[in-house]
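One structure is given here, and the rest of the page talks about it.
Read the numbers this way: they start at 1 and go in the same order the structure lists the ligands and their atoms.
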Amino acid sequence: MSVKISGVKGMNDVLPAQVGRWHELEAVAREVFALYGYREVRTPVVEPHALFARGVGEATDIVSKEMYVFEDKGEDRLALRPEGTAGTVRAFIEHGAYVEGPQKWFYMGPMFRRERPQKGRYRQFHQIGCEAFGVAEPAIDAEQIAMLDDYLSRLGVKATLKLNSVGDPACRPAYLDLLRGYLSAHAAALCGDCRERTQKNPLRVLDCKVPTCQPVLERAPRLAEHLCQGCRDHFEAVQAGLGALGVAFTVEPRLVRGLDYYVRTAYEFTSDALGAQSAVAGGGRYDGLVETLGGPPTPGIGFALGAERLTLILEAMGRPVPAARPEVFLISADAPGAVAVLGLAATLRRAGVACDLDARGGKFARQIRQAERVGARFALVLGGQELAAGEAKLRDMATRAETPVKLADLAAVLSKGR
Ligand code: HAM
């Protein structure tokens with residue numbers, strides 16, 4: 001009995017027709033990040049559960065509700081990574097990378113969050129992320145945000161940069177007390193989620209999108225007005241740095257992030273093309289995280305882009321998917337031709353010319369249809385007659401124009417045309 005098994009809900013296949021888009025996102029990332037001195041790191045998708053509980057924060061939705069957690073044969077409690085920063089920090093500490101001074105790393109890969117799947121929100125999604133370790137100065141914040149801006153503009157993606165400061169351990173605790181007091185006093189006007197979060201994670205309340213909560217949240221005390229001098233100076237310097245680099249931004253006093261490790265700079269790039277899931281990238285500074293995870297005190301700042309969200313934006317912009325296509329499709333006209341196309345294909349491929357053929361052979365009409373389907377630029381028919389003459393016709397698939405070409409020259413002619 002055959003059983004059809006479907007993929008897991010919220011986890012997508014990227015089919016060959018779409019994969020060109022992904023290659024483009026990744027290639028531009030590698031190119032731009034290299035210009036700024038970021039080097040790639042690859043870490044496992046499975047990490048100890050404790051890494052995220054301690055790193056991202058027990059009270060966050062990500063850790064408390066959305067992580068895929070499992071026991072490894074009753075030994076270790078493991079989790080599929082819901083984000084890339086904690087694992088990158090673990091690797092940074094574990095390999096003693098901090099002895100080499102400031103480091104800039106990037107990564108790309110799948111992340112897992114058991115969220116309710118919808119457009120732009122999936123259970124397996126992909127991030128392209130960057131982390132800069134070892135620099136506390138605001139210059140790195142500005143440089144990194146400008147790099148992300150640069151990346152998005154190279155792709156032609158228009159996104160709005162929203163910036164905030166979420167304070168640090170010197171000023172945030174007093175502000176949180178103030179905020180908790182305010183929210184508790186207005187609890188009756190807040191939704192159930194907000195009331196629940198007031199004690200555990202009051203900053204997240206500011207991020208609530210429920211319309212009836214907005215009047216209370218708009219009048220809530222603002223962190224920006226309760227920053228310590230150090231945070232205020234830092235925030236101003238980041239803004240000045242962005243101004244000097246020509247990066248447009250808006251200060252969003254209620255911007256908070258869904259992970260606990262942030263201090264000072266927090267930012268997001270949002271796009272209208274994404275509807276309610278509007279953040280295409282998000283990041284910020286996490287100066288205490290390396291120490292929390294057992295390393296020496298090391299400042300850090302990073303961001304991650306959502307690759308699926310980027311593809312949705314590019315699709316909404318009507319941008320065609322870049323596709324790899326064969327230069328030439330070899331068609332066999334008869335039995336000698338069917339043998340010869342394999343040899344000719346081998347010669348062309350050795351010369352770096354992408355070519356394809358229909359290994360089923362058979363009727364000309366079917367072979368030429370296959371040539372069209374794979375998007376070949378040219379087709380060439382090979383049979384006993386062409387082999388004897390040492391010459392065949394190269395058919396331009398778009399114009400149908402045919403040009404005679406010596407078989408011995410084919411590789412040279414086609415590689416010149418590229
Ligand atoms: P995040 O804001 O949770 O930050 O995620 C970054 C980006 O990943 C989001 O802006 C969004 O584009 C994408 N994303 C998140 N969840 C989903 C989902 N369920 N489906 C599709 N896309 C999603 C972080 O993860 C931090 N680690 C970023 C960071 C790096 N901060 C410092 N360094």
(message) Pairs of nitrogen or oxygen atoms closer than 3.5 Å, one from Y107 and one from ligand 1: do any exist?
(response) no
(request) Record the part of R113 in heavy-atom contact with ligand 1 below 4.0 Å; permitted values are side chain, backbone, both and neither. (result) side chain
(request) Under 4.0 Å, heavy atoms only, figure out whether ligand 1 is touched by the backbone of P82, its side chain, both or neither. (result) neither
(request) Check the angle between the aromatic planes of Y267 and F269 and answer parallel, tilted or perpendicular using the 30° and 60° thresholds. (result) perpendicular
(request) Please confirm whether G258 comes under 4.0 Å of ligand 1, counting heavy atoms of the residue only. (result) no
(message) Using a 3.5 Å cut-off on N or O atoms only, is A279 in polar contact with ligand 1?
(response) yes
(message) What protein heavy atom lies closest to atom 11 (C) of ligand 1? Include the residue and the distance to one decimal.
(response) R309 NH1, 3.4 Å
(request) Compute the minimum heavy-atom distance from Y262 to ligand 1 and say whether it is under 4.0 Å. (result) yes
(request) Check each of R257, Q127, E83 against atom 5 (O) of ligand 1 and report the one with the nearest heavy atom. (result) Q127
(request) Could you tell me whether G84 and ligand 1 have an N or O pair separated by under 3.5 Å? (result) no
(request) Could you see which bit of Y261 sits under 4.0 Å from ligand 1, with heavy atoms only: side chain, backbone, both or neither? (result) side chain
(message) Which label fits F112 and Y68: parallel for a plane angle under 30°, tilted from 30 to 60°, or perpendicular past 60°?
(response) perpendicular
(request) Just say parallel, tilted or perpendicular for the rings of F133 and W105, cut-offs at 30° and 60°. (result) perpendicular
(message) Between ligand 1 and A281, can you find any atom pair, the residue atom being a heavy atom, that is separated by under 4.0 Å?
(response) yes
(request) Would you please classify the geometry between the Y151 ring and the F33 ring as parallel, tilted or perpendicular, with 30° and 60° separating the classes? (result) tilted
(message) Polar contacts were defined as any N/O atom of the residue lying under 3.5 Å from an N/O atom of the ligand; does this apply to E268 and ligand 1?
(response) no
(message) I need the contact type for L259 against ligand 1. Using non-hydrogen atoms and a strict under-4.0 Å cut-off, is it side chain, backbone, both or neither?
(response) side chain
(request) Tell me which part of E131 gets within contact of ligand 1: side chain, backbone, both or neither, using heavy atoms under 4.0 Å. (result) side chain
(request) Specify the protein heavy atom at minimum distance from atom 23 (C) of ligand 1: its residue, its atom name, and the distance to 0.1 Å. (result) F125 CD1, 3.4 Å
